[in-house]
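Below, chain A is the first sequence line, B the second, and so on; all start at residue 1.
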Protein chains: 2
Amino acid sequence: MTKVGPTLEDVARIAGVSRATVSRVVNGTRNVDPNLQETVRNAIEQTGYTPNHAARSLVTRRTGTVALVISGAGGGSDVFVDPFFGRVTAGVVDFLRTRGVHPVLMLADTDRTRADVVEFLRQGSADGALLVTTHAAESLPERLLAAGVPTVLYARPGRPLPVSYVDLDHQAGGRLAAARLMELGCTTVGAISGPLDVLASQDRLTGFREAMARNGFPYVPVVEGGFTAASGHAAMGRLLVEHPEVDGVFAANDLMAQGAVDVLLEHGLRVPQDVAVVGFDDSAPALACRPPLTTVRQPVEAMAAKMAEVLVTSLEDPEQRPTSVIFEPELVIRASA
Amino acid sequence: MTKVGPTLEDVARIAGVSRATVSRVVNGTRNVDPNLQETVRNAIEQTGYTPNHAARSLVTRRTGTVALVISGAGGGSDVFVDPFFGRVTAGVVDFLRTRGVHPVLMLADTDRTRADVVEFLRQGSADGALLVTTHAAESLPERLLAAGVPTVLYARPGRPLPVSYVDLDHQAGGRLAAARLMELGCTTVGAISGPLDVLASQDRLTGFREAMARNGFPYVPVVEGGFTAASGHAAMGRLLVEHPEVDGVFAANDLMAQGAVDVLLEHGLRVPQDVAVVGFDDSAPALACRPPLTTVRQPVEAMAAKMAEVLVTSLEDPEQRPTSVIFEPELVIRASA
DNA sequence: ACCTCCTTGGAGAGCGCTCTCCAAAGAGTC
DNA sequence: GACTCTTTGGAGAGCGCTCTCCAAGGAGGT
């Protein structure tokens with residue numbers, strides 16, 4: 001094995017030109033005489049030459065890859081069960097492939113793996129980082145910033161930081177949910193929030209509460225969930241015990257909404273006739289749920305693609321200042337509310 | 001910008017030793033006097049030195065990354081909607097992280113992107129490839145093999161090839177499903193197969209039919225689906241029209257099973273009392289489905305991890321012959337059958 | 001005390017590529 | 001026809017690292 005493969009040198013020798021000329025033909029830098037180009041291309045064809053990536057990036061200081069860092073709290077690879085990360089990946093890949101950039105997937109869920117990520121970027125193994133982090137306390141943004149690594153976040157950082165990010169107006173999303181529930185005439189509504197150490201969870205809840213309060217509902221019972229169907233199930237159970245008369249529920253993501261619907265149905269309650277349920281995200285489970293979920297749409301793929309775009313752009317022009325792009329949520333009305 | 005960062009040379013100068021010595025300390029090759037080691041480590045600390053990845057891999061001819069190639073037929077990033085790929089990713093990442101190897105995610109769904117994958121590997125951008133391919137006609141395995149790229153497949157290749165792979169005994173899975181349906185006393189069973197250009201689909205169906213035939217049911221009506229909930233929905237609809245008396249259904253994955261259950265319920269049929277439904281995979285939707293699906297478990301994460309393990313092993317010993325690891329499916333009984 | 005063997009540090013040759021200089025040659029200009 | 005200006009190919013210096021060789025010094029044997 002030890003594939004050595006033909007080098008620039010080999011091609012140059014066969015074509016009877018210098019290394020520099022071959023390099024120019026390969027990279028399309030500067031003018032090269034068309035005849036010579038032809039000769040060189042033949043030589044390349046003949047040898048089956050492919051430029052060596054390591055050698056190239058040693059001098060260009062570019063790798064053509066970026067790190068896609070997923071910093072879940074949970075035990076590592078469980079995160080992929082959540083459709084959210086699949087959607088992020090899809091959006092990122094979708095954009096990057098148009099630019100010939102490749103994503104390296106990294107999980108950052110422990111001190112150790114976080115250090116690995118920083119190390120990886122400092123080594124120049126990737127040109128920049130896309131950081132999908134939920135928890136407000138995540139330390140990676142500042143560490144990457146300190147290491148001078150071009151970084152773009154999905155979701156604003158826990159503390160103000162001169163870093164680019166894309167985000168959703170989660171509060172507006174919460175308001176949308178509240179408006180729908182009130183529009184349906186619900187009078188006793190509860191909420192199942194996401195983990196409260198996640199900014200998005202806080203924001204969704206804040207927006208929801210605000211809108212309710214503004215309309216004469218100063219108090220909304222809230223149970224904290226964990227963004228999983230099981231946690232939504234449990235939360236709905238508690239809500240039902242404490243407030244049996246509930247007729248409207250806002251769950252901070254679709255998975256939890258699904259869990260809530262299940263409990264409701266198990267208790268012989270009809271959705272949406274007896275209890276209306278609004279989810280959040282508009283991911284696959286929202287459609288699969290019976291009844292299909294009315295939900296607040298988060299355009300995850302588009303946001304992820306934008307995140308990738310912002311990074312690639314800042315890679316091309318490193319002097320650029322950080323930007324932020326905030327997306328607007330949208331209410332998708334289906335059957336559950 | 002243009003972070004230059006300290007080099008080996010810098011560290012060597014500060015520590016008052018040669019480059020070679022610093023390299024030895026960093027890589028732990030050969031003995032180095034403990035005192036000297038201490039000095040060198042201090043210098044490293046002081047300068048914040050990190051080895052340059054490109055330079056290193058230029059000489060070692062190793063990158064510490066592998067390509068995780070997902071070759072769906074569908075329009076690219078849609079694949080991530082299918083929980084299957086999320087599970088594969090989880091399994092791969094889970095194993096690789098223990099070995100300090102990083103996966104680069106690539107989609108191969110067009111001629112162009114397939115060529116990109118080959119190019120990427122030939123450039124030495126990654127040390128090997130993990131290829132998750134469903135379609136039997138996929139050309140990548142042979143192209144990668146021809147290029148001398150260490151490769152491991154998820155699912156056996158369409159044509160016999162000297163390449164390592166992991167796979168499931170899909171036929172045994174089909175038999176398991178048939179056995180369950182017959183055990184429940186079903187007399188009129190139908191099947192919703194996966195796309196028939198996918199080997200796994202063929203095998204699941206073959207196993208299922210065989211087991212049915214062996215038990216006195218020579219004919220099983222089959223409708224081909226596309227592994228999506230919508231296609232399962234459509235397929236069940238047709239099955240119901242053509243065979244209204246059906247009392248058992250085998251769907252070749254959980255997504256389609258879910259679609260089938262929905263149709264059944266819409267038609268006022270009870271699952272499993274009127275019609276028993278068996279799915280395949282045991283992915284998240286199987287649990288989320290109402291009723292929860294009885295299904296044939298494919299240990300995707302474990303298989304993906306094994307695939308990664310086989311690749312890493314063959315990277316360490318390139319002279320090794322190809323291996324194959326076949327996993328056994330398992331029936332998971334829930335409520336739908 | 002001499003010789004051999006083992007340990008350990010340094011020198012330096014690349015790995016394959018890009019890119020800055022230079023030089024040569026051709027095209028204009030007056 | 002002598003001059004400058006532009007175009008285009010070649011030479012060669014690195015990019016930062018690993019690793020083979022070599023030499024120096026100390027330990028052990030006789």
Side-chain angles (χ1 to χ4, degrees), chain A residues 1-41 43-44 47-64 119-127, chain B residues 1-41 43-44 47-64 119-127:
Chain A
M1 269 287 148
T2 319
K3 300 236 350 141
V4 255
T7 71
L8 252 200
E9 188 81 48
D10 299 327
V11 177
R13 193 171 343 100
I14 291 183
V17 299
S18 72
R19 264 193 343 271
T21 302
V22 180
S23 175
R24 291 199 261 257
V25 170
V26 170
N27 298 299
T29 33
R30 269 197 17 188
N31 277 345
V32 174
D33 183 280
N35 293 327
L36 248 193
Q37 274 195 44
E38 182 62 16
T39 315
V40 171
R41 280 192 211 293
I44 289 176
T47 54
Y49 169 75
T50 313
N52 178 290
H53 179 249
R56 180 176 274 180
S57 72
L58 176 57
V59 28
T60 60
R61 296 175 173 290
R62 282 306 214 77
T63 65
E119 182 71 3
F120 187 79
L121 273 313
R122 292 197 56 212
Q123 287 186 147
S125 298
D127 300 331
Chain B
M1 268 287 147
T2 318
K3 298 237 351 141
V4 256
T7 71
L8 252 200
E9 188 81 49
D10 299 327
V11 177
R13 193 169 343 100
I14 291 183
V17 299
S18 71
R19 263 191 345 271
T21 301
V22 180
S23 174
R24 293 199 259 257
V25 170
V26 170
N27 297 299
T29 34
R30 269 193 24 185
N31 276 343
V32 173
D33 183 280
N35 294 326
L36 248 194
Q37 275 194 44
E38 182 64 17
T39 316
V40 171
R41 281 192 209 294
I44 290 176
T47 54
Y49 168 75
T50 314
N52 177 291
H53 179 251
R56 179 176 276 180
S57 69
L58 175 57
V59 28
T60 59
R61 298 178 171 286
R62 283 308 215 74
T63 65
E119 181 72 2
F120 187 79
L121 273 312
R122 292 197 56 212
Q123 288 186 143
S125 299
D127 300 332

Once you round it to whole Å, what is the distance between [atom2] of [N] and [atom1] of [X]?
X     : N      : atom1 : atom2 : result
B/N52 : D/dG16 : CG    : P     : 7 Å
A/L36 : D/dG10 : CG    : P     : 7 Å
B/N35 : C/dG9  : CG    : C1'   : 14 Å
B/E9  : D/dG14 : CD    : P     : 12 Å
A/H53 : C/dT18 : NE2   : C1'   : 14 Å

Item to check | Heavy-atom side-chain contact between A/T39 and A/V17 under 4.5 Å | outcome: no
Checklist entry - Taking atom types as modelled, is there a side-chain donor on B/Q123 or B/S125 under 3.5 Å from an acceptor on the other? => result yes
Next on the checklist: Under a 3.5 Å distance rule, please check whether A/H53 uses its side chain to pair with a backbone N or O of A/T63 as donor and acceptor.
Outcome noted: yes
Item to check | Any donor-acceptor pair under 3.5 Å from B/S23 side chain to B/R19 backbone | outcome: no
Checklist entry - Between B/L58 and B/D33, which is nearer to the 5' end of DNA chain C once each is assigned its nearest nucleotide? => result B/D33
Next on the checklist: How long is the straight-line distance from OG1 of B/T21 back to CD of B/Q37, given to the nearest 0.5 Å?
Outcome noted: 10.5 Å
Next on the checklist: Nearest 0.5 Å, please: how far is OG in B/S18 from CZ in B/R13?
Outcome noted: 13.0 Å
Next on the checklist: With a cut-off of less than 4.0 Å, is there a side-chain N or O of B/R61 near OP1 or OP2 of C/dG16?
Outcome noted: yes
Item to check | Distance test, side-chain N/O of B/N27 to OP1/OP2 of D/dT18, below 4.0 Å | outcome: yes
Next on the checklist: Below 4.0 angstrom, which residues in residues 17-26 of chain A have at least one non-hydrogen atom near DNA chain D?
Outcome noted: A/V17, A/S18, A/R19, A/A20, A/T21, A/R24
Checklist outcome for this item: Closest to the side chain of B/L8, out of D/dT18, C/dG9, C/dC17, is D/dT18
